[in-house]
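Every chain is numbered from 1, with letters handed out A, B, ... down the list of sequences.
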Amino acid sequence: MSNNILRPIATSLIVLMAVSLLLMRTNTVTDEWADDELDYALRVATQDATSVMMDHGFLFGIDEEESDFDIDLDYAYEQFKSSFFRNIGSTVSENTVNEMSVSLVGYAGYRYAYGMYANGTNTTPFPYSYYSSADNCIYEFTLGDKVFQTNLSTMAETTLLLSTLPEHYFSTAVTNENFRTITVMSAITDFLNIFFSDGQNITAVNAGSGLRFDLGTVDYAEDDNAIMTKLSGVIDGPSFFAVVDCFDSRVDRVVRLFSLGAAEFKSNVAYSAVTASADVVNFTVNASNRAAVGYSDDGGATLLSRPILSEMGKTERNPEQFTKLQPLTTTRSSPAPA
Amino acid sequence: MGRRIVGVLEILIIVTLFSLFAALVVTTNTNDNIIEHTEEFVELVRYKGCITTETYNEFLNGFNTPVDVSISVTRKPNVVASVAVETMQFDGDIAEALAADNIYKMNVGDEIQVVVRKTTANYYDSIVSMLTGSGKSSNPAVAIKGGMILNTQYAQ
């Protein structure tokens, strides 16, 4: 009698277990594939966009060292979209990504970080600056050797070369080179935090939430390419970046992706994909140095009802917006130099 | 008699479910392999700027299941008065170049796209398509990879 009861129960449990295993495995696999596909698409897109900007002379341009310079993100932005969609369609539905909004694009250039919102509004250029209270000077670092020093007492401007400064000029604990890297990465982090969550960013407003970025400031993986995608890396060349919101119909949420990508284009060198780490609060999946992929907690449906950027690009953006830019000097308190 | 039938049915259900699970694992591993292999090839081409006969053959022979591979290259227009602008080149053109010179060269700015499809979709491809919303197809695209040529490493 008892055997008659136990047997169907045992069978049911085994069946339940098998079905659960099937569903878990399927869910894991599809999640991983979707993340990988978006991750790869975004990385390739930012690399290609960086390449296009270099090709058109907007990066490493001699004008970039001047106070005024022309920036046109159109080429890079078009390339970004083209490359992104070129890699979508096997796991992630093209229809899904058609609902994409590129909420913030821009580049971390030689001397400034600079961005543009989905509605075509530009951000102000954001320098990689450091304020030293010891000598009351602002130091503006570049991705090259130059450092622009402005004495706030006399307003005298001096151009320094990082390589000629005495070691530990800025800090007793950190070398000049590392100090520059930390300042640059911190400035890019500040730039993203300030401007992504700004009221000008209509997609962040629509979604009802901004993002907090926390980029790595130290290159943990410079000696080991094998772990480059797992640990934070730092920028060492101008890079195009983008924050993309797209709707994932499977999980019924908005997927937000960030990538700050670049590649060194040296002939006869294998390759070096130089990216920065992204560790974004509220993101649940895969924070690597290439891209962060995750699901925001809210706002998917609201975002979907808004026009996508490809349409905005045709109707709302105005080429006249790309005019001479005035740099904005900002300072951040830091320990006094040695 | 009735109990025997029930017993046989139970065994059948359990065996079927575990077979399905095993098949799912095999299918996902196969697809993983296709995705990784395609990505490696595309990255290599993007950073080298060329396809050699060796890499081409390695790529085509590296799949562990029958697949249809399509490669298309979008040439960055380089207008010369006497030459017609050829912006797109496909598998045939690449194979032709490889047969003639053992290398198919591209320039920085050209774009490559590789699409790998399964020749026949199985039950799990349909399930995955349904879950991911990537659409049903008799020969689903397992890997779509591409991007801009970033380097011309063939120019030694």
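Rounded to the nearest 0.5 Å, atoms CZ (Arg46(B)) and OG (Ser51(A)) are 9.0 Å apart. How far CD of Glu111(B) is from OG of Ser82(A): 4.0 Å, rounded to the nearest 0.5 Å.
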Given side-chain contact (heavy atoms from CB on, under 4.5 Å), test Val44(A) with Glu43(B) step by step and report yes or no. CA-CA 9 Å; Val44(A) 168; Glu43(B) 290 295 283; 4.3 Å; yes

Could you go step by step and tell me if Met148(B) and Gln47(A) meet the side-chain contact (heavy atoms from CB on, under 4.5 Å) rule? CA-CA 8 Å; Met148(B) 192 189 269; Gln47(A) 276 183 336; over 6 Å; no

When you look at Tyr40(A) and Val42(B), which way does the side-chain contact (heavy atoms from CB on, under 4.5 Å) test go after all the steps? CA-CA 11 Å; Tyr40(A) 182 80; Val42(B) 170; 3.6 Å; yes

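Applying the salt bridge (Lys or Arg N to Asp or Glu O under 4.0 Å) definition to pairs two or more places apart or across chains, those involving residues 8-33 of chain B are Arg7(A)-Glu10(B). Pairs engaging residues 15-27 of chain A under the salt bridge (Lys or Arg N to Asp or Glu O under 4.0 Å) rule: none recorded [sequence neighbours left out].
Within the 4.5 angstrom heavy-atom criterion, only backbone atoms of Ile112(B) (N, CA, C, O) approach chain A. Proximity to chain A is absent for every atom of Thr38(B), based on heavy atoms less than 4.5 angstrom apart. Looking at Val114(B), there are no atoms closer than 4.5 Å to chain A (heavy atoms on both sides), in backbone or side chain. When heavy atoms are compared at a cutoff of 4.5 Å, Glu32(A) does not approach chain B at all.
Within residues 11-19 of chain B, the residues approaching chain A closer than 4.5 Å by heavy atoms are, in numerical order, Ile13(B), Ile14(B), Leu17(B), Phe18(B).
Ranked by heavy-atom pairs under 4.5 Å with chain A, the first of Ile35(B), Asn31(B), Leu20(B) is Asn31(B).
The two atoms that bring Arg86(A) and Gly147(B) nearest to each other are CD-N, 3.7 Å, heavy atoms only.
The closest side-chain heavy-atom distance from Glu37(A) to Ile144(B) is not below 4.5 Å.
With sequence neighbours left out, the ring-ring contact (aromatic ring centres under 6.0 Å, His included) criterion links Tyr104(B) to no other residue.
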